Colleague: 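Okay, handing you the structure first.
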Amino acid sequence: MERYNFKVVEEKWQDYWTKNKSFKSTLNKSKKKFYCLEMFPYPSGKIHMGHVRNYTIGDVLSRYKSMLGFNVLHPMGWDSFGMPAENAAKENKLDPKIWTEKNISVMKTQLKKLGLSIDWEREISTCSEEYYKHQQLFFLELYDKGLVYKKENYVNWDPIDETVLANEQVIDGKGWRSGAVVERKKLNQWFFNISKFSDELLKGLDELKFWPNKVKIMQKNWIGKSFGCEVNFKVEGDLPIKTIKCFTTRPDTLFGFSFLAVSVDHPISEHFKENPEFIRFKKECSKTGTTEESIAQGEKIGFNTNVMAVNPLNEKQKVPIYFANFVLMDYGFGAVFGCPAHDQRDLDFALKYNLPVKTVVKPLNEDDTYQVKKEAYTGIGEIINSDFLNGLKVPEESVIKTIEILEEKKLGNKKINFRLKDWGVSRQRYWGCPIPVAYNENGDVIKIPNDQLPVRLPENINLKEKGNPLDKVKSWKHIKINGKDCFRETDTLDTFVDSSWYFLRFCSPNSKDYGYNIDEINYWMPVDQYIGGVEHAILHLLYSRFFMRALNYKNDQFKITEPFEGLFTQGMVCHETYKDENNNWLSPEEVESEDGKNFYIKNYPDKKAIVGSSESMSKSKKNTIDPEYIINNFGADAVRLFILSDSPPEKDVQWSEQGMVASYKFMQKLWVLHKKFKDKIKEDTTSEDNEIEIFINQMIEKINYNLEKFHYNVIIANLYESYNFFTQKLNQNISKKNLLDSYTKFLSIISPVLPHFTSECLADLKLNPFQKWPEVDKNLIKNDTVEYVIQINGKKRAILKYMKDINQEELMKEIINNQETKKIIENKKIIKCFFVKNRLINILI
RNA sequence: GCCCUCGUGGUGAAAUUGGUAGACACAAAGGACUUAAAAUCCUUGCCCUUUUGGGAGUGCCAGUUCGAGUCUGGCCGAGGGCACCA
């Protein structure tokens with residue numbers, strides 16, 4: 001028997017698809033569109049298993065939708081600006097552009113080997129001038145709309161990468177890439193006014209019906225809307241500042257006021273800047289803000305100003321004002337009123353500095369003598385010890401009533417506050433999109449005029465030196481605008497800007513004058529199904545949602561607000577980890593085992609290798625498997641089969657060598673089955689048996705369901721199930737009638753997973769390799785007989801095949817007459833029966 | 001600390017509205033074929049019983065229901081997100 005030669009077959013069909021431009025998509029308003037997009041890769045060098053999984057999932061969906069008759073857009077591109085290119089340039093003296101382009105070429109070849117149904121004519125790369133020149137126009141448009149501004153601000157400074165990080169890029173006080181402890185630094189930075197859309201971004205989440213709840217909740221928490229009010233506190237003493245404004249969600253606890261805490265950056269700090277003790281305290285705070293230990297401990301420290309604040313609801317009460325490390329300048333007004341009894345953080349602080357703790361809310365089951373001791377009470381209850389607020393129900397009336405009182409007395413106003421801060425987009429890097437502005441002698445911002453756009457990155461520059469590379473290229477930096485000397489902005493844009501609109505560019509990749517063509521995006525957008533890792537739940541997905549609103553703002557033609565109609569977050573690919581006895585990571589190729597239990601270093605049976613937990617594949621843990629090696633040895637179809645088979649796509653999957661081999665063997669078995677089918681179709685047999693037809697129609701129905709629900713692992717099980725059925729059935733005397741038709745349908749429904757294999761089989765049968773998605777023949781699967789489950793007292797006792805749609809009496813008659821079942825209820829008194837039509841009967845005896 | 005998700009055989013997992021738990025696969029054990037091995041195929045898979053058959057069983061404890069992996073409450077465990085957000 002001829003073996004299935006995946007190398008020849010896969011290459012043949014990949015060539016065929018390329019030559020015939022099989023996946024080219026064109027705008028066709030008479031057809032319903034389907035935009036399927038996977039998160040585009042960063043060209044780091046080679047593709048990894050995560051890409052294989054991500055793009056296989058997308059490819060199955062694209063091919064399925066295309067067979068259903070949709071006009072499918074399935075593009076691919078490169079998120080090609082970013083730090084690794086610059087690091088490679090530093091370490092290996094490679095030009096970032098050349099390094100990046102080389103990687104793209106390698107990875108493109110690798111992706112093609114997977115047999116993806118991608119329209120490569122739409123390929124884009126964010127580091128190309130053709131891409132970033134449009135981004136510069138967007139930047140200037142947003143500037144004109146007032147959505148971009150510059151301000152001096154404290155930023156997260158990464159001392160290793162020497163760049164600014166967005167809040168989202170700081171993880172546990174460390175830079176997300178370098179791992180360096182982040183410092184606070186004051187810099188003049190460009191910002192996108194994302195907070196302007198806080199409420200819209202929050203409300204928009206409700207419209208996203210096809211997003212995972214998990215992601216929506218994460219974004220909701222990130223935006224962090226809270227309802228409360230601003231309260232003005234009078235300040236007593238000699239300071240020129242006479243009031244301090246606070247934001248609070250609990251104005252109802254104002255009578256429990258015991259101190260006022262402000263940030264060390266609060267305007268009031270101006271009047272302490274010469275106080276040496278305050279200087280020392282401020283220094284202490286800047287340290288605790290970022291180090292991991294302090295965050296873990298959460299120690300609260302304060303500096304007493306010896307200035308007093310007045311309780312607006314009780315003019316007689318005066319409390320001390322402290323500078324405190326836990327108050328953030330960029331939330332609320334950089335000041336909080338402290339009510340220790342009903343806020344754990346305030347209580348910690350009060351206990352440390354011996355400040356009074358006055359209970360003003362009691363739980364419903366306590367009386368008025370209830371007192372808070374070491375644990376703040378934040379639950380529901382009733383207001384006490386609060387003069388005219390006493391008796392209010394917490395929280396349903398107390399907050400609103402107190403705000404009304406404050407507004408009436410002109411002491412405060414209702415306010416909604418958001419946690420979401422504006423997006424700082426300046427990066428002190430070379431390999432990014434240049435910000436298209438310059439400054440004149442006075443430092444005023446001058447937009448680069450149209451005829452001097454785009455601002456191109458200078459080439460052949462020295463990246464060895466520390467600091468901002470563009471700042472050192474004098475010939476590039478100094479320019480003339482309208483005859484006047486200016487110098488360029490030397491920061492580049494955060495690469496998350498690049499990926500905030502690339503999905504628009506895919507719709508009109510050749511639009512020369514502008515980033516998109518309005519006709520084309522209005523046809524293709526929104527992305528119907530976006531697929532990628534959950535690690536982008538906040539950053540990329542929130543920025544993209546913002547960017548669409550920013551383009552939409554003051555632009556009647558631009559209709560899009562939500563870029564991604566459907567979102568699917570796939571899990572990671574994991575593998576066991578190995579270490580030698582000295583705790584050094586070992587790669588899977590470096591270890592060997594004979595029994596699958598005891599591992600040792602290859603060729604050194606006395607050197608033990610320790611098997612660690614299975615973790616997501618990463619270079620640092622050396623537990624990666626190279627997709628190219630696997631594709632070359634087992635074939636793309638077998639890899640696609642395996643990567644989908646073991647776990648549901650949203651969960652992590654365990655890479656298993658054995659599983660991979662099994663998938664490969666299965667491909668061979670499928671080929672044998674194909675030959676059997678081919679022979680059988682030629683044979684002249686007669687039999688009225690139509691089981692194959694029935695089976696395949698039931699299978700189409702199952703696969704339809706599983707495809708729509710993303711249960712791709714179950715589809716693979718369905719495939720195995722079909723194989724098992726067919727191998728049995730083909731050994732029997734079966735009807736030739738409709739055999740070819742059934743087999744064609746079978747090949748069609750597995751073709752999204754195994755496109756090379758099925759194309760080959762269809763061609764072998766002289767059939768069109770591009771089949772339509774088969775429809776279910778309802779008449780065929782309309783079975784006359786049904787398996788009824790016979791339960792006694794809720795326990796399964798028998799299964800009875802009988803006519804469909806019968807009623808309870810008929811079924812009971814059958815049970816009594818049936819050899820097998822009659823003994824179950826013989827001589828028993830039947831109390832009650834529960835009958836579910838065509839399903840089961842539960843007899844209580 | 002707050003929020004979210006998930007706990008099913010030796011393993012990865014199926015189970016569409018509450019209605020046959022463990023589909024499908026991996027691993028294991030036994031067997032067939034073979035001079036032998038590899039490959040392939042078959043059988044088994046918790047407890048009791050020689051078999052027929054019966055029993056327990058979806059993290060634990062309760063509840064709702066004729067019937068719960070699925071719904072409700074509490075507990076335990078694992079993973080993820082946020083981190084002084086006033």
Side-chain angles (χ1 to χ4, degrees), chain A residues 171-173 212-222 224-226 228 231 246-251 253 260-261 263 288-289 294-300 324-328 330-339 342-346 348-349 378 417-421 534-535 537-538 596 614 642 645-648 650-654 656-663 665-666 668-669 672 701-702 705-706 708-709 711 713-724 727 787-799 831-836 839-844:
Chain A
I171 297 151
D172 291 336
N213 227 359
K214 179 174 60 171
V215 175
K216 289 197 273 188
I217 287 164
M218 279 162 77
Q219 290 209 356
K220 189 179 165 212
N221 292 341
W222 191 264
K225 181 178 183 173
S226 48
V231 185
C246 292
F247 171 74
T248 177
T249 55
R250 295 298 304 275
T253 62
L260 198 132
S263 160
T288 53
S294 71
I295 288 169
Q297 285 169 6
E299 204 198 335
K300 288 156 191 65
N325 66 334
F326 60 82
V327 185
L328 309 169
D330 48 10
Y331 185 81
F333 302 98
V336 302
F337 98 85
C339 174
H342 307 290
D343 183 307
Q344 192 58 44
R345 180 201 51 200
D346 294 348
D348 294 345
F349 190 80
T378 55
N417 220 350
F418 292 93
R419 186 181 166 276
L420 184 67
K421 287 165 203 137
V534 73
E535 65 273 19
I538 297 169
S614 180
F642 174 68
S645 68
D646 267 16
S647 295
E650 69 276 11
K651 281 178 58 175
D652 287 354
V653 65
Q654 172 78 30
S656 133
E657 186 70 22
Q658 275 160 336
M660 187 58 246
V661 171
S663 294
K665 284 181 184 165
F666 183 69
Q668 295 296 340
K669 292 205 261 180
V672 174
E701 210 170 46
K702 280 191 199 175
Y705 176 82
N706 289 324
E708 294 293 341
K709 296 263 178 187
H711 294 175
N713 56 325
V714 188
I715 288 173
I716 307 304
N718 293 150
L719 167 56
Y720 278 109
E721 216 180 299
S722 307
Y723 172 85
N724 292 343
T727 42
E787 286 186 342
Y788 290 90
V789 177
I790 316 300
Q791 292 185 338
I792 304 293
N793 293 337
K795 271 186 187 137
K796 181 183 78 174
R797 281 291 177 264
I799 289 169
I831 302 166
K832 205 171 179 183
C833 281
F834 289 86
F835 176 71
V836 184
R839 227 173 195 148
L840 62 71
I841 186 160
N842 189 6
I843 306 164
L844 304 187

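All values derive from a computational prediction rather than experimental measurement.
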Colleague: Write down the partner of B:G73 under the Watson-Crick or G-U wobble criteria, each distance required to be under 3.5 Å.
Modeller: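 The answer is B:C61, by the H-bond criterion.
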Colleague: Going by side-chain hydrogen bond (donor to acceptor under 3.5 Å, both in side chains), name the residues that satisfy it together with A:Q658, two or more places apart in sequence or in a different chain.
Modeller: none
Colleague: Whole angstroms only, please: what is the OH-P distance between A:Y723 and B:C41?
Modeller: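 From A:Y723 OH to B:C41 P: 6 Å.
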Colleague: Hey, does the side chain of A:Y705 come within less than 4.0 Å of B:U16's phosphate (OP1/OP2), counting only N and O?
Modeller: no
Colleague: Go through the structure and list residues passing side-chain hydrogen bond (donor to acceptor under 3.5 Å, both in side chains) with A:Q668, not counting sequence neighbours.
Modeller: A:Y664
Colleague: Under the ring pair (Phe, Tyr, Trp, His ring centres under 6.0 Å) test, which residues partner A:F349, sequence neighbours left out?
Modeller: A:F259, A:Y322, A:F326, A:Y353
Colleague: A:F247: what forms a ring pair (Phe, Tyr, Trp, His ring centres under 6.0 Å) with it, not counting sequence neighbours?
Modeller: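 Per chain and number, A:F247 pairs via ring pair (Phe, Tyr, Trp, His ring centres under 6.0 Å) with no residue.
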Colleague: For B:C84, does the base pair up with any side-chain atom of A:K300 as donor and acceptor (N or O, under 3.5 Å, distance only)?
Modeller: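 In this structure, the two groups form a donor-acceptor pair.
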Colleague: Does the B:A86 base have a donor-acceptor partner in the side chain of A:R345 within less than 3.5 Å?
Modeller: yes
Colleague: What is the glycosidic conformation of B:G9: syn, defined as within 90° of 0, or anti?
Modeller: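 Here B:G9 takes the syn form, which means its glycosidic angle is within 90° of 0.
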Colleague: Taking only side-chain N and O atoms of A:K669, does any of them lie within less than 4.0 angstrom of OP1 or OP2 on B:C41?
Modeller: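 Affirmative; the distance criterion is met.
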Colleague: Each nucleotide N or O in nucleotides 62-69 of chain B that has a protein N or O under 3.5 Å away: list the pair and distance.
Modeller:
from  : atom 1 : to     : atom 2 : distance (Å)
B:C66 : O2'    : A:N842 : ND2    : 3.4
B:C66 : O2     : A:N842 : ND2    : 2.6

Colleague: For A:Q219, enumerate each residue passing the side-chain hydrogen bond (donor to acceptor under 3.5 Å, both in side chains) test, keeping only those at least two apart in sequence or located in another chain.
Modeller: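 side-chain hydrogen bond (donor to acceptor under 3.5 Å, both in side chains) check on A:Q219 returns A:R545.
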Colleague: Considering residues at least two apart in sequence or located in another chain, which fulfil the side chain to side chain contact (heavy atoms under 4.5 Å, CB included) criterion with A:N793?
Modeller: A:L844, A:I845
Colleague: Please produce a list of atom pairs where a protein N or O lies less than 3.5 Å from an N or O of nucleotides 42-49 of chain B.
Modeller:
none

Colleague: Not counting sequence neighbours, which residues clear ring pair (Phe, Tyr, Trp, His ring centres under 6.0 Å) with A:Y720? List them please.
Modeller: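 Once residues adjacent in sequence are excluded, the partners of A:Y720 under the ring pair (Phe, Tyr, Trp, His ring centres under 6.0 Å) criterion are A:F666.
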